[in-house]
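Note sheet for the following structure.
Starting from 1, each residue takes its place in the sequence as its number.
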Amino acid sequence: MPAAALTVPAPTLDEIRQWPATVGVPRAATALGISRAQLYRLIAEGKAPVRVLDYGAKRVVTASLVRLLEAA
């Protein structure tokens with residue numbers, strides 16, 4: 001299967017605004033246009049461009065994701 005068939009289209013800003021208060025790293029990475037591995041690496045280095053909560057599983061605060069994307 002070609003790699004292009006495996007990519008997930010990035011959600012629109014309006015779609016992201018409808019998301020729950022927090023989302024998983026894979027979903028947030030898709031919105032940012034980066035891989036989940038890259039976002040996990042940024043989180044581990046303390047360089048994530050979004051607010052991340054860590055309650056066993058890492059969750060990205062949707063409001064911080066929206067603010068970042070609105071500024072772009």
When rounded to the nearest 0.5 Å, the distance separating CD of Gln18 from CG of Leu13 is 10.5 Å

Sorted by chain and number, sequence neighbours left out, side-chain contact (heavy atoms from CB on, under 4.5 Å) with Pro26 holds for Arg36, Tyr40

On a heavy-atom basis, the closest approach of Ala29 and Leu39 is N-CD2, 3.7 Å

Please output the side-chain donor-acceptor pairs of residues 62-72 that fall under 3.5 Å, not counting sequence neighbours, one pair per line with the distance.
{"from": "Thr62", "atom 1": "OG1", "to": "Pro20", "atom 2": "O", "distance (Å)": "2.6"}
{"from": "Thr62", "atom 1": "OG1", "to": "Ala21", "atom 2": "O", "distance (Å)": "3.2"}
{"from": "Ser64", "atom 1": "OG", "to": "Arg51", "atom 2": "N", "distance (Å)": "3.0"}
{"from": "Ser64", "atom 1": "OG", "to": "Val61", "atom 2": "O", "distance (Å)": "2.7"}
{"from": "Glu70", "atom 1": "OE2", "to": "Arg17", "atom 2": "NH2", "distance (Å)": "2.8"}

Legend entry - Joint hydrophobic cluster, Leu53 plus Leu32, side-chain heavy atoms closer than 4.5 Å: no

Residues pairing under salt bridge (charged side-chain N to carboxylate O under 4.0 Å, His left out) where one sits in residues 22-34, two or more places apart or in two chains, turn out to be none

Closest non-hydrogen contact found for Glu15 with Thr12 is OE1-N, 2.8 Å

Next on the checklist: The test is side-chain contact (heavy atoms from CB on, under 4.5 Å); show your working for Ile43 and Asp54 and say whether it passes.
Outcome noted: CA-CA 10 Å; Ile43 292 168; Asp54 188 355; over 6 Å; no

